[in-house]
2 protein chains.
Amino acid sequence: MAQRGSYAKGVAKRTEILDTALDVVARNGFRGTSVKELADSVGLSQAGLLHYFDSKDELFTAILRRRDEVDLALADPQADIVEQLITVIRHNADVPGLVQLFASMSTAATSDPSHAAHAYFVERYASLRTQAADAITIRQRRGEVPAGVDPTRLATVLLAVSDGMQIQWMLDPATDMAEHVELVWRLALAAVATPA
Amino acid sequence: MAQRGSYAKGVAKRTEILDTALDVVARNGFRGTSVKELADSVGLSQAGLLHYFDSKDELFTAILRRRDEVDLALADPQADIVEQLITVIRHNADVPGLVQLFASMSTAATSDPSHAAHAYFVERYASLRTQAADAITIRQRRGEVPAGVDPTRLATVLLAVSDGMQIQWMLDPATDMAEHVELVWRLALAAVATPA
DNA sequence: GTCTATAATTTGATAGAC
DNA sequence: GTCTATCAAATTATAGAC
């Protein structure tokens, strides 16, 4: 078996912890959730849980990374990255706690380069922005997106609406986040003049 | 003098405190700033400062409200609300700490109805959304915005981009927030088909 | 109105036994 | 690897003097 040795065991356990944490946070939310709360739900003591992660922030950053992995696995690999993004946003309405976690961590980490999650967000936005810009460029060549639109800017804007809609959705869960992201996307596809 | 009596004095002092706090937060940022830090900068003890506000969260909510007042006073009353919004976003690049404060408070307060700032955000989004939707409706009648676009949805989306761009700007201050909000606005003005 | 002093917790992190 | 126990702070909020 490939999972032999203490290293693999540690990794497997870590993943198991993260998947449980993902469920717990998704439901119970993230109200400055303490390490102990999470420890209880995964059946470990606080110290036991922190054995796997260097700090609280590292733990929650790992949760965010794991969530991206899970989301990616669920997405249709055939689909345009923009379509995938919209699908993920649509799913977000089912996991309020994760939306809360993402929003909280992003505000805390983006403005503080020394925050444990800073690198995660840098990588995430760079990666998504590039992927989306590439997809937009392809559509542009097909004439589906006006030539005057800068792909990177449009990509940036699509990510921004996604993030911003989370705030308004938390305020009123009846709000349809995905629909609003789609509106921007359709406006771009429908634009005929050539905004910079 | 109109400012006589303990009530008026209290109000004046409160405003004075808030204006100082606004400066301090704008520069120093909001890294979970403690009440004591703010108290020091306004020349009061921690308890002295809390004499004017019921709690820490009430204090920071008051700072946000005061900031909106100041921003509103600076805006051109002749301008379209959407243009005003873009102007405010442009100014935001000069007050990083306030962007941080707004982002932090919005994530904390929107998801928690019992948070001291919850009502503030409810009112703020409702008000801005309505005003923007009205302005969009007017443009629609003039034929500047496609008839098929729902004014409230477009308004919602413009607010979302504004919020979302703050995250990406905190990550990279070279990002031009206003320019990206304008992109969405121009896409809407340039759209020719009729997205819902 | 403002201060000093302190209560009241909470909670992240670590040391060390098993 | 996991736990118990404890440390070490950091703050908010309040009581009560002046």
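Letters A, B, ... are given to chains in the order of the sequence lines, protein chains preceding strands, and every chain is numbered from 1. What's counted below: heavy atoms across the whole structure, side chains too, no hydrogens, waters or symmetry copies.
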Distance-only side-chain donor-acceptor flag, Glu37(A) / Ser41(A), under 3.5 Å
no
Short question: side chain of Gln166(B), backbone of Gln100(B) - any donor-acceptor pair under 3.5 Å?
no
Write down the distance between CG (Asp54(B)) and P (dT14(D)), rounded to a whole number of angstrom.
9 Å
Round to the nearest Å and state the distance from Phe30(B) atom CZ to dT11(D) atom C1'.
13 Å
Let me know the distance between CZ of Phe53(A) and P of dT14(C), rounded to the nearest Å.
16 Å
Candidates dA13(C), dA13(D), dG1(D) - which lies nearest the side chain of Tyr52(A):
dG1(D)
Whole angstrom is fine here: how far is it from CG in Leu50(B) over to P in dA5(C)?
18 Å
Round to the nearest Å and state the distance from Phe60(A) atom CZ to dG12(C) atom C1'.
11 Å
Tell me: NE2 of His51(B) to C1' of dC18(D), nearest whole Å?
14 Å
Indicate the ring-plane relationship of Tyr125(A) and Phe102(A), choosing parallel, tilted or perpendicular according to the 30° and 60° boundaries.
tilted
Nearest to the side chain of Leu44(A) - dT2(D), dA13(C), dG12(C)?
dT2(D)
Identify whether any heavy atom of Ser45(B) sits under 4.0 Å from a base atom; if not, whether one sits that close to sugar-phosphate; answer base, sugar-phosphate or nothing.
base
The side chain of Lys13(B) lies closest to which of these nucleotides: dT2(C), dA13(D), dT14(C)?
dT2(C)
Measure NZ/Lys56(A) against C1'/dT14(C) and give the value in whole Å, please.
17 Å
Let me know the distance between NZ of Lys36(A) and C1' of dC7(D), rounded to the nearest Å.
18 Å
Distance-only donor-acceptor check, side chains Ser55(A) and Asp57(A), under 3.5 Å:
no
Contacts of Ala47(B) and Glu37(A) projected onto DNA chain C by closest heavy atom; the upstream (5') one is Ala47(B)
